Number of protein chains: 4
Amino acid sequence: METTRRQVGTQAGAEAEVAERGGLRAEKSWHILRAAAKVFARSGYFNSKVSDVAREAGIADGTVYLYFKSKDELLSSIFSAAMDEFIRRARAELAGIVDPREQLRHFAYLHFASLERDRDLAIVFQIELRQSTKFMEQFSSAQLAEYFQIIREIIETGQQRGLFRPQLSARLVAKFLFGALDEMATNWVISHSNASLTAMVDPVMEIFFNGVSSNHAQV
Amino acid sequence: METTRRQVGTQAGAEAEVAERGGLRAEKSWHILRAAAKVFARSGYFNSKVSDVAREAGIADGTVYLYFKSKDELLSSIFSAAMDEFIRRARAELAGIVDPREQLRHFAYLHFASLERDRDLAIVFQIELRQSTKFMEQFSSAQLAEYFQIIREIIETGQQRGLFRPQLSARLVAKFLFGALDEMATNWVISHSNASLTAMVDPVMEIFFNGVSSNHAQV
Amino acid sequence: METTRRQVGTQAGAEAEVAERGGLRAEKSWHILRAAAKVFARSGYFNSKVSDVAREAGIADGTVYLYFKSKDELLSSIFSAAMDEFIRRARAELAGIVDPREQLRHFAYLHFASLERDRDLAIVFQIELRQSTKFMEQFSSAQLAEYFQIIREIIETGQQRGLFRPQLSARLVAKFLFGALDEMATNWVISHSNASLTAMVDPVMEIFFNGVSSNHAQV
Amino acid sequence: METTRRQVGTQAGAEAEVAERGGLRAEKSWHILRAAAKVFARSGYFNSKVSDVAREAGIADGTVYLYFKSKDELLSSIFSAAMDEFIRRARAELAGIVDPREQLRHFAYLHFASLERDRDLAIVFQIELRQSTKFMEQFSSAQLAEYFQIIREIIETGQQRGLFRPQLSARLVAKFLFGALDEMATNWVISHSNASLTAMVDPVMEIFFNGVSSNHAQV
DNA sequence: TATGAATGAGTTTTCATTCAT
DNA sequence: TATGAATGAAAACTCATTCAT
């Protein structure tokens, strides 16, 4: 069974797409966010100066503040924008899949693909965004909640259909899966791996579905 | 099958134990580290001032620098000290367990127990230490490597004994497990949960061993 | 034979002149340098805080760093600016004098006059700039070299014209003269003398030209 | 006429001599001063730590304060001790010389010789001691006064005997000579010259006595 | 909208000096 | 006398943010 590769698009494609969706303001805003992601990925959030971001974006320092109200908001907006996009796409693409197992697999694929096609974003997501309790508490609850919600819904559907073991807590399973995917992603970023991250989807999901025990001996 | 609860000790017990092991210098060094963990956990690393740590430890600002050469080293020493202790204890206790499945379960138990008994440490580990590429790259490789190595060894032994599926990459499985455990821990910290973290060991390991699929349908 | 007193200008005159020559940036830069010289002269370089300089200049602390990259550079820029000005003026005015003896005398006059008309500068030059090997080695070679070069050229010309004893090392004579002038200046500064420094030109040059021996007995 | 080379002694000789003159306290005090001079010469006064001096002297930090009451006093004591020694020696040796011209020459010789035989001392004298108005004003007056006094006395005697031009201000001439000697010394130190400093005595004194003008044309 | 010069709050770290032993 | 652990004052510099143009 193969990893589904529905058109995830190239990075350039994504840029164009986003640009055409918004007006001029949205376009510039997005342009600044791209610059910020690149700068943060290169030097780390704390070592990056707002003026570095401005220079990368080809605008004056003050202009950044016409679009974002603080350096912090630059970081959280990178997260929000990418998460919105991810969730929008996930919901859209998952709607076309029937089997909850394939839905989960595709969800994992989208997760990895969105990081793989934009390494700057991956670095910001896996490394820079983890700083500070502020982010972890503030954003986790707000936007990650929907991420988890999607997984939970699929799990619950799968349980209703007899595909997943019914006694498992859907909430726990969702965290379990996220933890596994997140660790793969972090590891891929930190190791500066050139290997494909999406190639990990099948092996990871295989363990997730079947566990590590052989002949399914109950432990 | 129950989670093994070999004497993990209380936090107070641990303090006394460490103190008697070292000389006066080690004792004071450790005292400062405790204060730092408490302060960092309370306010976050970046919002904490070295003078806060000094005050918490009941010493002068400058004295901190007689034991640690920078604020950064305070953070990394919290990690190192706890990891050393964890690994030492894990190796010791795992040696007394024969079944690789029980070894993994106990490993997970130790992981959760060491965070649960010291919430300051847990916060520092799950939140504060994730900041900056510097830490992630610097310490990951050095000390986390041994953490992963222990898991891998158990996995491989289990595979040789026919307990774990032989075709799985031990490396991948180790990351998978760590990711799941780490996410549980982070979630426990962020949600300010009063629930027991160690109580999650069995449910988590159950999924890890058996997967989420019902009747083990190969996906 | 009198000391030539070509228009050396007042301090106020000098300020205006420099200001009109540069752009706005140069003007502000120069304004900060004046403030720094005043503060350093008053309290000494090490006892002066950058914030003292900023307050004296009527700007914010950080603004100093938009024009100079360190407190050190403030000190060295005072030297450089004054030396550039001195050398420029010296070369210009010496060009109009034929007799090498009068050239040397005028050179000494300019040296003393530039210190006398700006006591802050004099204090910085004679006292504050002497601190640290760093300055002495760094700037000596770079800018003092031209100072010495001017003297040497005059000496050599004088020797060719039979005015100065040909067997003397021009290099040695230049150091000899500088040493004598420098000591007079330092003494004038340290003693808080109200006496005229330029009044010392003729007596000093007289000894320099004729030596201390009476009836020219060869010693 | 040759530069007199009365036994000025080696540095090792000097150390022994001083040591035997004082008691144990004086000996240790002197030992610390040697260490301080070495450290200050190597790193500069401001970059040197009291603990560096203590380590160089092979004693504990606190012990330094049993002999000197501050880091500042360490610097000024180096000056005082060397000046005392210099003046004592100069007065003693000059007493055996009749001709004021030879006295001056020998005085210059002693000045250069004492720096040449102890480069650490030379660096401290020519560079480190010049820092801060404090030193320049405090010590100049106190101990340099006697230095100048010696020169003035010789000058005045020489004038009475018709050897030096009577109309010259002895005070001015003393400064003139000191300035010239001081500049040679500073130059020798800064240029890291391996050339002999004492070799400069004769050429310098020759200019001092006879001036630079040829055929003694009155300028 | 865009600019970019100016602001000024904020904190780690050093190291001379002390003093209990 | 000697030690050296502990003290704590002190300041250069950065950079996010503002605002007059």
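Order of the sequence lines sets the chain letters (A, B, ...), proteins ahead of strands, with each chain counted from 1. Everything numeric here is computed off the predicted structure, so don't read it as measured data.
For the pair A/Glu56 and A/Arg42, the salt-bridge criterion is met [side-chain N within less than 4.0 Å of a carboxylate O].
In this structure, the CG atom of A/Leu24 is 9 Å from the P atom of E/dT1, given to the nearest Å. Between A/Arg55 atom CZ and F/dC15 atom P there is a gap of 12 Å when expressed in whole angstrom units. When the P atom of F/dT14 is taken as reference, atom CG of C/Leu66 falls 11 Å away, rounded to whole Å. If you take CG of D/Asp61 and P of E/dT14, they are 16 Å apart, rounded to a whole angstrom. Rounded to an integer number of Å, the gap from B/Asn47 CG to E/dT12 C1' is 15 Å. Between the CZ atom of D/Phe46 and the C1' atom of E/dA16 there is a distance of 12 Å, rounded to whole Å. B/Phe68 places its CZ atom 14 Å from the P atom of E/dT13, with the value rounded to the nearest Å. At whole-Å resolution of the value, CG in A/Asp72 and C1' in F/dC15 are 14 Å apart.
Not one N or O on the side chain of B/Thr63 forms a donor-acceptor pair closer than 3.5 Å with the backbone of B/Ile59.
The side chain of C/Lys49 has F/dA11 as its nearest neighbour among F/dA11, E/dA6, F/dC13. The side chain of C/Tyr65 lies closest to F/dA12, out of E/dT1, F/dA12, E/dT12. Side chain of C/Val50, nearest nucleotide from E/dG8, F/dA12, F/dT1: F/dA12.
Checking E/dG4 for Watson-Crick or G-U wobble geometry (two distances, each under 3.5 Å) identifies F/dC19 as its partner. Applying the Watson-Crick and G-U wobble criteria (two distances, each under 3.5 Å), F/dA10 pairs with E/dT13.
Nucleotides of DNA chain E nearest to C/Lys28 and B/Tyr45 differ in position, and the one nearer the 5' end is that of C/Lys28. Taking the nucleotide of DNA chain E with the nearest heavy atom to each of D/Ser51 and A/Thr63, the more 5' of the two is matched to A/Thr63. For the pair C/Lys69 and B/Ile59, both in contact range of DNA chain F, the more 5′-proximal nearest nucleotide belongs to B/Ile59.
The aromatic rings of D/Tyr45 and D/Phe40 lie perpendicular to each other, with more than 60° between the two planes, well past the 30° mark.
Taking 4.5 Å as the limit, some side-chain heavy atom of A/Arg34 sits within range of a side-chain heavy atom of A/Asp118.
In this structure, B/Lys71 is not positioned above the aromatic face of B/Tyr65 in the sense of NZ or CZ being under 6.0 Å from the six-membered ring centre and within 45° of the axis.
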